[in-house]
Amino acid sequence: MQQNHPWNREIKSLVASGVTSALLTVITYWGAISHALKVGELVAILLILTTIQAGVQLVFSMHLGIEPKPRWNLIFFIFTVVIMIAVVAGSMWIMYHLNYNMMMPMEKP
Amino acid sequence: MSHAHTADYDGEDVYAKTLFGFWVYLFTDFMLFATLFATYGVLYKSTFGGPSGAELFCLSYTLVQTFFLLAASITSGVGAAMAHRHQRVPTLVWFGMTFLLGLCFMGMQMQEFSHLIQTGNSFTRSAFLSAFFTLVGTHTLHIFFGLLWILVLLFPVWRHGLTKRCVRRLSCLKMFWQFLNVLWIFIFSIVYLLGGTT
C-alpha cells in the first residue's frame, strides 16, 4: 500500500483536491448570489459543479476507483449512485405529478 | 515505532478488507442521505405560510462553515498520510486540527439551529423546516460522532504510539471526514444556495 502510494503523491493529490474544491465552492457561491442566471440554468449549473466537486474529492482524496482489480469499491459505488438517483428523482417526479393532478399550487422550479 | 513490526493479524489483507467494509458502510450512509434529500426535495415548497429558505439562510455564514469542513477534510487526509509514515506527533497534530475545525463547523451549525428555533422557526413550523432540520441535523449528528471518534482514536495513539491497528482505524476515520465533506457540498449547493436564492 505504502509502496504504491508514496507520501509525496498522497499530499499532492490532497492539495490538488482541496484547491479544486475551494475554487468550485467559490464559483457555485458566486453563481448563486450574483442572480445573473435564470432559475433553471442555476439549478443545472449548481448540480453539475457540485457533482464535479464530489467526483474530485472521491477520486483524489478518497482514492475511489484507484485500486487493483476487481474494483469492488467502484462497482458498489456505481450501484449506490443508481439507487440514489432512482430514489431522489423518482420521489420528486411522482410527488410533482401528484401535486399537479391534485391541483395543488407547486410551480415548477 | 517498535509496534509496527509486532506479529499480529494486522496484515495488508486485513487492511484492504477493512477499508472495503468501511466503503460499504459509507455507501449505505449515502443511501440514507439520498432518502433525506428526496424528502427535502418533495417538501421544500411546503412552507405552510412560514418563511422560505430565502428568508432564513445567511449564505456568507454557511460559506465560512463550508470552508471549515473542507479544511477538516484535508487535514484528516494529511493526518492519515502521517500515520502511514508512522510519525506519531504530526499525526496527533493534524487530526487535532481536524477536531478543532470540525468543532468550529458544528458550533456554527448549532448556532444557526438555535437562532432558527429562537425566532420561532423550529422544525414544527412547517414541512419545509421539518425536512431541513432532519437533513442538516442528521449531517450534524454525523459530525458529532466524527468528533467523538477522533478523540477515541487519538487517545491510544498518544498513550501507546502508532500500531498497525491504529493506522488502519485512522484511515477509516479519514475516509469518514472526507465523506462528510462530500455530503456537505450537496447540502450547501442544493439546500442553502438554491434554497437561499430562488
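Just so we're on the same page: letters track the sequence lines, and every chain starts at 1. The figures that follow rest on heavy atoms only: side chains count, while hydrogens, waters and symmetry mates do not.
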Option in B:Thr62, B:Asn181, B:Thr35 with maximal non-hydrogen atom pairs under 4.5 Å from chain A: B:Asn181
Heavy-atom pairs under 4.5 Å with chain B, option from A:Ser21, A:Ser17, A:Ala22 with the top count: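 Most heavy-atom pairs within the cutoff with chain B belong to A:Ala22.
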Among A:Val15, A:Val81, A:Leu64, the residue with the most heavy-atom pairs under 4.5 Å to chain B is A:Leu64
Counting neighbours of [atom1] on [X] that are heavy atoms of other residues, nucleotides or ligands and sit closer than 6.0 Å, is the number greater than 12?
X       : atom1 : result
B:Phe67 : CZ    : yes
B:Phe27 : CZ    : yes
B:Trp23 : CH2   : yes

Determine whether [X] and [Y] make a side-chain contact, defined as any pair of heavy atoms from C-beta on separated by less than 4.5 Å.
X        : Y        : answer
B:Leu194 : A:Leu42  : yes
A:Val88  : B:Phe33  : no
B:Phe188 : A:Tyr29  : yes
A:Leu14  : B:Gln178 : yes
B:Phe37  : A:Met84  : no

Could you tell me how the ring of A:Phe77 sits relative to the ring of B:Phe30: parallel (under 30°), tilted (30 to 60°) or perpendicular (over 60°)?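 Because their plane-to-plane angle is over 60°, the rings of A:Phe77 and B:Phe30 count as perpendicular.
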So what's closer than 4.5 Å to chain A heavy atoms on [X]: side chain, backbone, both or neither?
X        : answer
B:Thr66  : side chain
B:Ser60  : both
B:Leu59  : both
B:Leu183 : neither
B:Ile185 : both

Nearest 0.5 Å, what's the [atom1]-[atom2] distance between [X] and [Y]?
X       : Y        : atom1 : atom2 : value
A:Thr25 : B:Leu193 : OG1   : CG    : 9.0 Å
A:Gln53 : B:Phe186 : CD    : CZ    : 9.0 Å
B:Leu19 : A:His63  : CG    : NE2   : 10.0 Å
A:Leu46 : B:Thr197 : CG    : OG1   : 7.0 Å

Given the rule that I, L, V, M, F, W and Y join up when any side-chain heavy atoms are under 4.5 Å apart, are [X] and [Y] in one cluster?
X        : Y        : result
B:Phe155 : B:Leu173 : yes
B:Val152 : B:Leu170 : no
B:Leu151 : B:Val167 : yes

Start with the C-alpha gap between A:Trp72 and B:Phe20, add the side-chain angles, then the distance that decides, and say whether side-chain contact (heavy atoms from CB on, under 4.5 Å) holds. CA-CA 8 Å; A:Trp72 290 117; B:Phe20 173 63; 3.5 Å; yes
What closest approach, in Å, do [X] and [Y] show between heavy atoms, and which atom pair accounts for it?
X       : Y        : answer
A:Glu10 : B:Ala81  : CG-CB, 3.7 Å
A:Val87 : B:Ala34  : CG1-O, 4.3 Å
A:Ala54 : B:Val182 : CB-CG1, 3.9 Å
B:Ile74 : A:Gly18  : CD1-CA, 3.4 Å

Audit row: B:Thr28, A:Phe76, side-chain contact (heavy atoms from CB on, under 4.5 Å) steps and yes/no: CA-CA 10 Å; B:Thr28 61; A:Phe76 269 65; over 6 Å; no
Show your working on side-chain contact (heavy atoms from CB on, under 4.5 Å) between A:Val43 and B:Ile190 and close with a plain yes or no. CA-CA 8 Å; A:Val43 172; B:Ile190 295 170; over 6 Å; no
side-chain contact (heavy atoms from CB on, under 4.5 Å) for B:Leu26 and A:Met62? Distances and angles first, verdict last. CA-CA 12 Å; B:Leu26 291 184; A:Met62 299 173 80; 3.9 Å; yes
